[in-house]
Protein chains: 2
Amino acid sequence: MSEQEPGPVFGRDPSTRVAFLLSQVGSMAASQFADRLADLGLQPSDIGILRLILLNPGMSQQDLASKLGVVPSRVVSLVDGLESKGLVERRRSTRDRRNQELHLTEYGGQIMGRMRDIGSAHERHVVQALSEDERLVLGELLAKVAASHGLAADVHPGYRAAPPSSP
Amino acid sequence: MSEQEPGPVFGRDPSTRVAFLLSQVGSMAASQFADRLADLGLQPSDIGILRLILLNPGMSQQDLASKLGVVPSRVVSLVDGLESKGLVERRRSTRDRRNQELHLTEYGGQIMGRMRDIGSAHERHVVQALSEDERLVLGELLAKVAASHGLAADVHPGYRAAPPSSP
DNA sequence: TATTGTTATACTCTATAACTATA
DNA sequence: TATAGTTATAGAGTATAACAATA
């Protein structure tokens with residue numbers, strides 16, 4: 001977001017500017033989620049990492065770097081931040097002492113528990129204007145678009161150098 | 001994004017993670033649009049500004065700053081970039097010599113003409129997996145969500161300090 | 001020699017605040 | 001005194017490349 005999404009230059013009805021609307025609404029959803037996390041002193045990027053470690057305990061920093069699509073040196077500073085907050089623990093592997101095995105601390109696990117509530121409150125707020133049926137349809141259409149572009153089900157593409165924005 | 005959207009920690013079916021999907025797909029759409037613009041040496045933020053100037057010829061930098069929601073000093077550097085590329089012209093106002101009146105150059109107008117094609121190619125690519133009916137429905141649902149959160153029809157929220165990402 | 005993680009460094013982006021010129 | 005724009009400066013974030021430890 002950094003961010004900047006231009007705006008549709010063309011069509012005026014929603015069906016001819018779906019790409020812009022996706023970017024615009026997606027950016028809004030992302031920044032509202034960031035606001036909720038700020039109360040915990042966390043950033044959206046932190047949650048993505050905590051979640052991957054929760055699902056893959058003991059994963060190495062290289063694993064994490066390749067899943068996120070970022071450079072290893074960036075993982076160092078991201079994990080540094082989480083470790084200094086007491087959420088993540090590095091354990092030097094005994095089988096290959098070059099590797100760090102990443103684990104959530106007990107506190108990190110608690111935070112992920114609280115994330116459930118934060119996430120569902122966020123979800124409800126974002127789609128508050130839609131009926132239950134509409135939410136279902138929107139979710140299915142978005143999942144279809146996501147799949148057609150090869151997006152992994154649980155990794156956000158925003159870890160890579162994010163341009164300010166776009167339609 | 002910069003960029004980072006965590007990933008859904010909760011539900012597994014699309015209708016319980018619409019917020020994450022919005023952020024994920026929106027980020028993807030934004031970065032694909034940025035890729036298309038890079039061929040022209042432009043960034044998504046540039047297009048949003050060119051479009052506002054096209055729609056409001058002679059607007060001041062203060063006007064622009066308040067529409068975009070950014071600080072005036074940032075407008076200076078954004079306009080500097082567009083002026084150095086020959087897309088925008090600053091004309092010192094004769095009625096109040098403190099103001100700069102912003103105008104597209106002829107070349108700037110041509111670029112906005114080419115944007116029409118770039119934008120519609122981008123649109124087609126993003127929603128390629130959907131039928132015509134599905135595109136219509138998706139556009140309407142997104143417009144409804146956007147309106148419910150007070151998003152201006154043609155200004156991208158990404159100009160403000162964009163966090164890496166979020167659901 | 002190759003790999004994991006780390007550090008050092010530089011670059012970009014953005015905001016804050018001080019400044020100029022106009023009013 | 002107040003406003004539009006600019007400049008100077010500092011901070012955050014990220015990438016590249018060099019490095020240490022281990023294999």
Side-chain angles (χ1 to χ4, degrees), chain A residues 1-4 30-31 34 38 41-46 48-49 53 58-84 88-103 157-166, chain B residues 1-5 30-31 34 38 41-46 48-49 53 58-84 88-102 157-166:
Chain A
M1 257 234 176
S2 7
E3 258 88 119
Q4 297 74 313
S31 83
L42 295 176
Q43 298 184 338
S45 55
D46 293 329
I49 292 173
I53 297 175
M59 73 189 303
S60 73
Q61 295 187 188
Q62 288 285 341
D63 291 344
L64 194 51
S66 74
K67 285 229 183 198
L68 297 177
V70 302
V71 88
S73 66
R74 194 174 162 199
V75 171
V76 172
S77 62
L78 289 166
V79 173
D80 280 352
L82 294 171
E83 198 175 34
S84 73
V88 164
E89 198 180 297
R90 285 173 164 111
R91 299 184 200 153
R92 187 63 72 176
S93 168
T94 52
R95 300 182 18 185
D96 182 340
R97 292 187 41 74
R98 290 175 301 182
N99 282 260
Q100 299 277 27
E101 295 174 349
L102 300 174
H103 297 269
Y159 285 92
R160 290 127 212 147
S165 78
S166 96
Chain B
M1 131 172 18
S2 316
E3 338 186 309
Q4 298 73 316
E5 183 68 23
S31 83
L42 294 176
Q43 298 183 339
S45 55
D46 294 329
I49 292 173
I53 297 174
M59 74 189 302
S60 71
Q61 294 186 189
Q62 288 284 342
D63 291 344
L64 193 52
S66 73
K67 286 228 184 201
L68 297 177
V70 302
V71 89
S73 66
R74 193 175 163 198
V75 172
V76 173
S77 63
L78 289 166
V79 173
D80 280 352
L82 294 170
E83 197 174 37
S84 74
V88 165
E89 199 179 296
R90 284 174 165 112
R91 298 185 201 151
R92 187 62 71 177
S93 168
T94 53
R95 303 186 9 191
D96 182 341
R97 292 185 42 73
R98 290 174 301 181
N99 283 260
Q100 299 277 26
E101 294 174 352
L102 300 174
Y159 285 92
R160 291 129 211 148
S165 76
S166 95

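Proteins come first, then strands; the chains are lettered A, B, ... in the order of their sequence lines, and each starts at number 1. Worth saying up front: this structure is predicted, and the values here are computed from it rather than measured.
Computed from coordinates, the Q100(A) CD to dA21(D) P distance equals 14 Å when rounded to whole Å. R97(B) has its CZ atom 18 Å from the P atom of dT20(C), to the nearest Å. In this structure, M59(B) places its CE atom 15 Å from C1' of dG5(D), rounding to the nearest Å. Regarding L78(A), its CG atom lies at a distance of 15 Å from the P atom of dA12(D), rounded to whole Å. Taking atom CD of Q61(B) as the reference point, atom P of dA21(C) lies 17 Å away to the nearest angstrom. Atom CG in L68(A) sits about 13 Å away from atom P in dG5(C), given to the nearest Å. Here dA21(D) presents its P atom at 11 Å from CZ of R92(A), a figure rounded to the nearest Å. Rounding to whole angstrom units, CD1 of residue I49(A) and C1' of dG13(D) are separated by 14 Å.
To the nearest 0.5 Å, atom CG of residue L78(A) and atom CD of residue E83(A) are 12.5 Å apart.
Neither OP1 nor OP2 of dG5(C) sits under 4.0 Å from any side-chain N or O of R74(A). Not one side-chain nitrogen or oxygen of R95(A) sits closer than 4.0 Å to the OP1 or OP2 atom of dT22(D).
Within the 3.5 Å criterion, the main-chain N or O of Y159(A) finds a donor-acceptor partner in the side chain of R74(A). For the pair R92(B) (side chain) and R97(B) (backbone), a donor-acceptor distance under 3.5 Å is present.
Among the nucleotides dA23(D), dG5(C), dT16(D), the one closest to the side chain of V71(A) is dT16(D). Of all nucleotides listed (dA15(D), dT6(D), dA23(D)), dA23(D) comes nearest to the side chain of D96(A). Counting only heavy atoms from C-beta on, S73(A) has its side chain closest to dT6(C) among dC13(C), dA23(D), dT6(C). With distances taken from any side-chain atom of N99(B) to the nucleotides dT22(C), dT16(C), dG5(D), the minimum falls on dG5(D). Nearest nucleotide to the Q43(A) side chain, out of dT6(C), dG13(D), dG5(D): dG13(D).
With hydrogens and angles left out, the side chain of R98(B) and the base of dT3(D) share a donor-acceptor pair within 3.5 Å.
In this structure, the side chains of V79(B) and R90(B) come closer than 4.5 Å at one or more pairs of heavy atoms. Counting only heavy atoms from C-beta outward, the side chains of R91(B) and N99(B) never approach each other to under 4.5 Å.
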